2 protein chains.
Amino acid sequence: VIEPTRDAALARDRSDPIADLREEFVIDDPALIYLDGNSLGRLPRRTEEAIRRLVRTEWGGDLISGWEHWVELPFLAGNLLAREFLGARAGEVVLADSTSVNLYRLAAAALEARSDRGTILALADEFPTDRYVLEGLAAARGMMVRFLDSDPTEGIGIDRLRAALHDEGGTGGIALVVLSHVNYRSGALEPMTEMTAAIHDVGALALWDCSHSIGSVPVELEMAGVDLAVGCTYKYMNGGPGAPAFLYVRSALQRALRQPVWGWFGQRDQFAMGPRYDPVEGIGRFLVGTPPVAGIVAVRESATVLAEGAGIAALRAKGTALTELAIALSDEWLAPHGFTVGSPRDASRRGSHVSLRHPQAWQLSQALRAAKVVGDFRAPDSLRLGFASAYTRFVDVWHAFDRLRQVVERGDHLRYPAIPGRVT
Amino acid sequence: VIEPTRDAALARDRSDPIADLREEFVIDDPALIYLDGNSLGRLPRRTEEAIRRLVRTEWGGDLISGWEHWVELPFLAGNLLAREFLGARAGEVVLADSTSVNLYRLAAAALEARSDRGTILALADEFPTDRYVLEGLAAARGMMVRFLDSDPTEGIGIDRLRAALHDEGGTGGIALVVLSHVNYRSGALEPMTEMTAAIHDVGALALWDCSHSIGSVPVELEMAGVDLAVGCTYKYMNGGPGAPAFLYVRSALQRALRQPVWGWFGQRDQFAMGPRYDPVEGIGRFLVGTPPVAGIVAVRESATVLAEGAGIAALRAKGTALTELAIALSDEWLAPHGFTVGSPRDASRRGSHVSLRHPQAWQLSQALRAAKVVGDFRAPDSLRLGFASAYTRFVDVWHAFDRLRQVVERGDHLRYPAIPGRVT
């Protein structure tokens with residue numbers, strides 16, 4: 001536990017083994033404390049140069065010949081994520097499309113593989129796009145999505161999940177369970193291994209959304225026996241706005257699964273342009289259209305800087321300490337002002353962001369931004385603060401909470417309207 | 001008709017009203033004749049700068065605040081394409097995903113809207129990803145795709161299409177017809193207006209793939225009464241490798257159609273994160289996941305340079321003249337060596353690329369590349385040459401054919417193996 005003083009925070013920064021990693025990122029305004037790297041991670045310096053080279057030298061100069069190596073990028077970047085961040089094997093991860101599109105495609109493949117079963121399980125508290133995608137898949141197939149209740153702070157956990165799995169009603173059994181490894185609002189980190197085993201116990205497939213865990217906590221897809229996973233790369237992975245998502249399919253399942261969007265990048269001997277769809281072996285069969293080259297290059301660069309400059313174990317260790325400090329400061333300074341911690345207090349059950357619940361969270365998020373601390377609001381009452389280990393210092397956490405304390409003490413937030421406008 | 005001499009070509013370049021547009025593009029090697037702008041268009045200079053600014057200033061500096069305007073980009077770029085290149089209204093076009101994913105989503109929406117009908121029509125000679133996507137959709141729905149024969153050079157045309165439409169067998173009628181405006185191999189330009197009317201006569205919906213027509217020939221979606229369209233932006237639109245595709249849904253249809261991938265970017269009041277999918281009104285309901293910002297910025301820039309520097313009418317007029325010259329040179333120099341023109345001779349039925357058919361087309365494409373003329377091979381026997389009006393000069397066409405004539409006269413191509421390797 002870190003003492004909640006500025007000096008203790010500074011001391012902690014001095015002994016931070018990955019403190020230098022911050023230098024690898026573009027930081028224009030040192031006075032701005034950016035606690036939204038869980039929404040859009042900062043720009044790594046090397047990405048800027050790599051994109052410039054891709055655009056000017058490869059596209060501009062190599063022209064169509066660039067495809068001789070661009071065509072491998074979804075696999076190479078996928079393998080890098082697999083090895084360094086996802087605990088998966090080469091040939092199990094690929095970069096493609098958006099998280100929503102990948103979730104749709106993998107969930108559809110899973111439902112086809114379990115077509116004798118009629119139910120999908122997910123959390124009522126799940127990130128919206130996951131819920132909507134599953135709702136659409138179920139509607140099109142005459143299936144049902146059961147949205148399970150969970151604790152808004154602690155998540156669902158193994159016991160509640162197990163109870164739900166064994167209480168699936170009369171609709172023909174559970175085909176698929178979709179869960180987030182780290183909840184987007186509370187930061188609750190679910191026990192992936194135990195939960196995947198419980199899902200397999202009832203014969204269902206397990207699809208994990210790792211959007212908020214990749215790059216912040218170790219993900220061990222192979223060890224956990226996960227069937228399918230998706231996730232985004234513009235949060236803790238720093239791939240840039242709208243960077244392509246990843247998808248994972250366990251090797252042993254790849255041959256048996258067929259995703260529904262039969263595009264030419266999944267085709268065997270693609271340029272033979274044969275008469276019928278005949279997908280390649282391996283993870284390539286989960287590709288669809290022409291890969292978004294610039295986005296994949298950005299992910300490759302940011303994954304490289306995180307892996308070489310720290311590694312996921314060091315990122316996780318620092319993330320745990322940063323969120324510990326945040327919670328300690330909240331308890332000390334903010335609890336008297338009506339804030340409660342909306343994230344697990346057990347660090348082993350928490351990702352790298354913390355939600356502070358307060359009835360005026362929207363106004364607070366705006367006033368805090370004016371005080372040069374960027375976090376975000378999540379409906380209905382969460383001020384969500386992300387602590388990206390790669391570039392967040394302990395002293396930043398201290399100052400962020402100090403500024404928030406001043407905001408609330410001065411009542412700055414009361415000058416903002418109570419009805420949220422567009423939230424980014 | 002242009003006289004097939006170098007002097008005539010040079011004279012034509014001197015009187016070319018859009019000759020200066022070439023200066024807006026990066027051209028590193030002036031000796032290289034790039035006739036593959038129909039696969040991957042050249043880099044506009046302003047795109048390089050716009051991407052640099054997006055990455056360094058907006059992502060690097062504005063961070064999450066960038067989303068305040070990035071969120072409008074799919075619509076703004078869509079409106080630009082609609083107005084300048086697609087003959088569509090504001091609010092009918094949006095940038096999203098890949099052509100394959102968009103085709104899947106719009107075709108699925110159309111099939112749902114015509115769920116009392118069992119057949120999809122497409123050409124056996126259609127671009128592979130379109131065929132595969134439709135095959136997958138039909139398989140999942142117990143429907144049938146009838147792949148129609150067409151003339152490998154001239155396309156299907158109105159009479160053959162009309163015959164096929166009235167001969168739909170006993171499977172419950174035609175739900176959807178998917179056609180390319182310009183064929184990827186032959187360059188055949190189909191009469192969109194007449195064909196769409198014929199499709200509507202049998203109560204089917206018309207979905208046009210404009211990948212090879214956008215930026216090369218005027219597309220008049222509204223005037224032609226088209227229901228749905230998709231297309232890619234990295235060919236004549238110069239959006240860069242893997243740039244996001246566009247999709248078009250006629251205003252009057254938007255409310256009635258529902259695409260199958262229910263992502264959060266299509267959701268009404270997105271950040272309320274409500275419990276059920278409730279898509280917005282308008283073209284926004286056809287968005288799914290987080291937009292690929294850099295790719296959309298690139299499309300906006302390249303569309304701007306083409307619109308401001310020429311406009312589609314001038315691009316089309318020059319494209320017609322360039323392909324006229326190519327065909328004249330082929331007749332004069334290559335026909336004696338066993339080449340035949342695999343593209344329509346009627347300019348009004350031809351896009352901006354020309355296929356030369358030859359049994360050794362693969363080897364010829366390789367030898368031609370060694371002679372610094374870049375075209376591409378399309379199975380089984382086409383050497384496909386694209387004449388992007390924005391930066392291709394008449395004298396380039398003359399030199400390209402002069403070099404090809406020399407290649408074939410010297411037999412350079414016989415040094416290459418007959419079995420194609422990876423074709424890009």
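All values reported here derive from a predicted model rather than from experimental measurement. Chain A is the first sequence line, chain B the second, and so forth, proteins listed ahead of strands; every chain is numbered from 1.
When each of B:Leu63, B:Asp278, B:Val55 is scored by its heavy-atom pairs under 4.5 Å with chain A, the top score falls to B:Leu63. Looking only at heavy-atom pairs under 4.5 Å with chain A, the residue among B:Gly61, B:Pro241, B:Ala298, B:Gly289 that has the most is B:Pro241. Interface summary for chain B: among A:Gly37, A:Pro260, A:Ala294, the most heavy-atom pairs under 4.5 angstrom belong to A:Pro260. Of the residues considered (B:Ala379, B:Gly60, B:Ser98), B:Gly60 shows the highest number of contacts with chain A, using heavy-atom pairs under 4.5 Å. Interface check for chain B: of the options A:Tyr234, A:Phe265, A:Phe25, the most heavy-atom pairs under 4.5 Å are formed by A:Tyr234. In terms of heavy-atom pairs under 4.5 Å with chain A, the best-connected choice from B:Pro275, B:Pro244, B:Cys232, B:Pro380 is B:Pro275. Contacts with chain A were tallied for B:Arg276, B:Arg42, B:Glu48; B:Arg276 has the most, counting heavy-atom pairs under 4.5 Å. Considering only heavy-atom pairs separated by less than 4.5 Å from chain B, the leading option among A:Pro44, A:Gly274, A:Ala124 is A:Gly274. No other option in A:Val288, A:Asp29, A:Ile296 has as many heavy-atom pairs under 4.5 Å with chain B as A:Val288. By number of non-hydrogen pairs under 4.5 angstrom with chain A, the leading residue of B:Trp70, B:Trp59, B:Tyr277 is B:Trp59.
Minimum interatomic distance between A:Thr99 and A:Ser211 (heavy atoms only, all atoms of both residues): CG2-OG, 3.9 Å. Looking at every heavy atom in both residues, B:Tyr34 comes nearest to B:Leu40 through OH-O, 2.7 Å.
Within the 4.5 angstrom heavy-atom criterion, only side-chain atoms of B:Ile51, from C-beta onward, approach chain A. With a 4.5 angstrom heavy-atom cutoff, B:Gln267 touches chain A only via side-chain atoms. Contact of B:Ala272 with chain A is made through the backbone alone, with heavy-atom distances under 4.5 Å. Using a 4.5 Å cut-off between heavy atoms, B:Pro291 touches chain A through its backbone atoms (N, CA, C, O) alone. For chain A, the nearby part of B:Val374 is the side chain; its heavy atoms alone come within less than 4.5 Å. Within the 4.5 angstrom heavy-atom criterion, atoms from both the backbone and the side chain of A:Val261 approach chain B. Of the atoms belonging to A:Ala139, it is side-chain heavy atoms, and not backbone ones, that fall under 4.5 Å from chain B. Contact annotation for B:Phe147: only side-chain heavy atoms (C-beta onward) come within less than 4.5 Å of a heavy atom of chain A. There is no contact between A:Glu58 and chain B, counting heavy-atom distances below 4.5 Å. In this structure, the portion of B:Phe127 lying under 4.5 Å from any heavy atom of chain A is its side chain and not its backbone. Contact annotation for B:Leu134: neither backbone nor side-chain heavy atoms come within less than 4.5 Å of a heavy atom of chain A. For chain B, no part of A:Leu103 is nearby; none of its heavy atoms comes within less than 4.5 Å.
Put simply, the side chain of B:Thr57 never gets that close to the backbone of B:Leu54: no donor and acceptor are under 3.5 Å apart. Checked by atom type and distance alone, the side chain of B:Thr47 never pairs as donor or acceptor with a backbone atom of B:Leu43 at under 3.5 Å. Using modelled atom types, one side-chain atom of B:His353 and one backbone atom of B:Asn183 make a donor-acceptor pair closer than 3.5 Å. Side-chain atoms of B:Arg56 do not come within 3.5 Å of backbone N or O of B:Arg52 as any donor-acceptor pair. With hydrogens and angles ignored, the 3.5 Å screen pairs no side-chain donor or acceptor of A:Ser39 with any backbone N or O of A:Asp36.
Checking B:Tyr132 against B:Tyr104 by side-chain atom types alone, no donor-acceptor pair falls below 3.5 Å. Looking at B:Ser100 and B:Thr129, their side chains do bring a donor and an acceptor atom within 3.5 Å of each other. B:Arg384 and B:Ser186 share no donor-acceptor pair across their side chains, judged by distance under 3.5 Å alone.
Annotation: the span from A:Asp209 atom CG to A:Glu126 atom CD amounts to 6.0 Å, rounded to 0.5 Å. In this structure, B:Phe377 CZ and A:Phe271 CZ are separated by 11.5 Å, a value rounded to the nearest 0.5 Å. Here A:Asp130 contributes atom CG and B:Trp264 contributes atom CH2; the two are 10.0 Å apart, rounded to the nearest 0.5 Å.
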